[in-house]
Amino acid sequence: MGFTLHIVHGDQLDSQAIAADLPLLHSLARTGHSPIKVGCKGGGCGVCKVRVVDGSYAAKPMSKAHINDNDKAEGIVLACRIIPTSNLTVVPMSTTTNE
Amino acid sequence: MKKGVMRPGHVQIRVLDLDEALDHYRDLLGLIEVARENDRVFLKAWTEVDEYSVVLRQADTAGMDFMGFKVLDEGTLDNLRQALIDYGVAVQDIPAGDLPNCGRRVRFTAPTGHNFELFATKNQTGKWGIADRNPEAWPRDLKGMKATRFDHCLLYGDDIDGVLDLFVEVLGFDLAEQVIDPENNKVGIFLTCSMKEHDVAFIKHEEKDKFHHASFYLNTWEDVLRAADLISMHDAPLDIGPTRHGLTHGQTIYFFDPSGNRTEVFAGGDYFYPDQKVVTWEVEQLGKAIFYHDRQLNERFLSVLT
């Protein structure tokens, strides 16, 4: 079973399937063409920062150097550390892709 | 070892989850867990004679707390402490026992913002799993990549000219290799206190106190390929490799711990004597300098730091 990820790029919306049992970024990196920048995949480097504007997720620990409590409250998270529990709509906060 | 600094002695790395970190450092990399204390775990690589070399600390950020160098003896530590003060560096005296079974440490902050420390004494438990007398070739029950030693760190920071002067003039390191830009400015420096091509290295970067990787030595290229297999079996995040560096010519692979700190295992590489000229790579050839086979830069390798 999986969910659908909607990614907001300006006024454009792209959609793709994501796994329900994997961190969001790990689903995207498996395709080889992640629309979100791939860094350390461990919540330490901060390059995969996104804002979740719709949907629910479980979050693993993220470095406070990149995500503070206010960020979390506003849905700003690292894509490598959230496991979706519903369809998600996200806005990438770093647009370069490298994988 | 011109001023009595012998080798990298330990590194303390911040991790977001200690149990996940142990799965990486103990079960995949193959370090041996020797002790736990509150929020820290102490590990060693099997050929090291001191009780531990890697300290993992549970924290809410990733990165490096400090790197420690072991010096010849307590007298050398006194001399280097005074030399740091005379050079104008503030030192912090950390009493014996702050790290378990470790003597007093002299801590200072380098011009790049990284915390380093010097120490002379740590409990010596000997090489793990083999005897001091009539030793066998290797212990039978090592895990994972069977890393043999903590070898060096690569750190990113702003004032690498300052850090070069401090490490050479005060601590007696040599500059083995460098990367220079067209104006002859140093953008990468590889420093040694031994016959190794590097014991610590720095890359110029606008932020202070960033951690690129901690590196561990393997014996052969075959071991590096086996490490690559284990990274896949373990589903650990791969950064790049297996490949060879132009800089130092080591055979290498990079991957990330579960908190995003980068780990290297490598084999081979050049050796160093103090009469050798500095090996220079031009920044226009940085792709080949870092990835000798691909000869192309990888943005992640340059910009993903903790």
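Letters go in sequence order (proteins before strands), and every chain restarts at 1.
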Only distances under 3.5 Å count here; give the side-chain donor-acceptor pairs of residues 15-22 of chain B to other protein atoms, sequence neighbours excluded, each with its distance to 0.1 Å.
residue : atom : partner : partner atom : Å
B:Asp17 : OD1  : B:Asp19 : N            : 3.0
B:Asp17 : OD1  : B:Glu20 : N            : 2.9
B:Glu20 : OE2  : A:Lys60 : NZ           : 3.0

Checklist entry - Which of residues 52-59 of chain A have a heavy atom under 4.5 Å from any heavy atom of chain B? => result none
Next on the checklist: Suppose we screen for salt bridge (charged side-chain N to carboxylate O under 4.0 Å, His left out). Which residues come up paired with B:Glu33, at least two apart in sequence or across chains?
Outcome noted: B:Arg26, B:Arg36
Next on the checklist: Given heavy-atom pairs under 4.5 angstrom as the criterion, report whether the side chain, backbone, both or neither of B:Asp60 touches chain A.
Outcome noted: both
Checklist entry - Which word best sums up how the rings of B:Phe266 and B:His198 line up, parallel for under 30°, tilted for 30 to 60°, or perpendicular for over 60°? => result perpendicular
Checklist entry - Cut-off 3.5 Å, side chains only: do A:Asp14 and A:Gln12 have a donor facing an acceptor? => result yes
Checklist entry - B:Gly63, B:Ala62, B:Pro258: which one forms the most heavy-atom pairs within less than 4.5 Å of chain A? => result B:Pro258
Next on the checklist: Whether the B:His24 and B:Thr263 side chains hold a donor-acceptor pair (N or O, under 3.5 Å, no angle test) is what I'd like checked.
Outcome noted: yes
Checklist entry - Mind checking what makes salt bridge (charged side-chain N to carboxylate O under 4.0 Å, His left out) contact with B:Asp229, not counting sequence neighbours? => result none
Checklist entry - Among side-chain atoms of B:Ser215 and B:His213, is any donor-acceptor pair under 3.5 angstrom? => result no
Next on the checklist: At a heavy-atom distance under 4.5 Å, which candidate from A:Ala65, A:Pro61, A:Cys45 has the highest pair count against chain B?
Outcome noted: A:Cys45
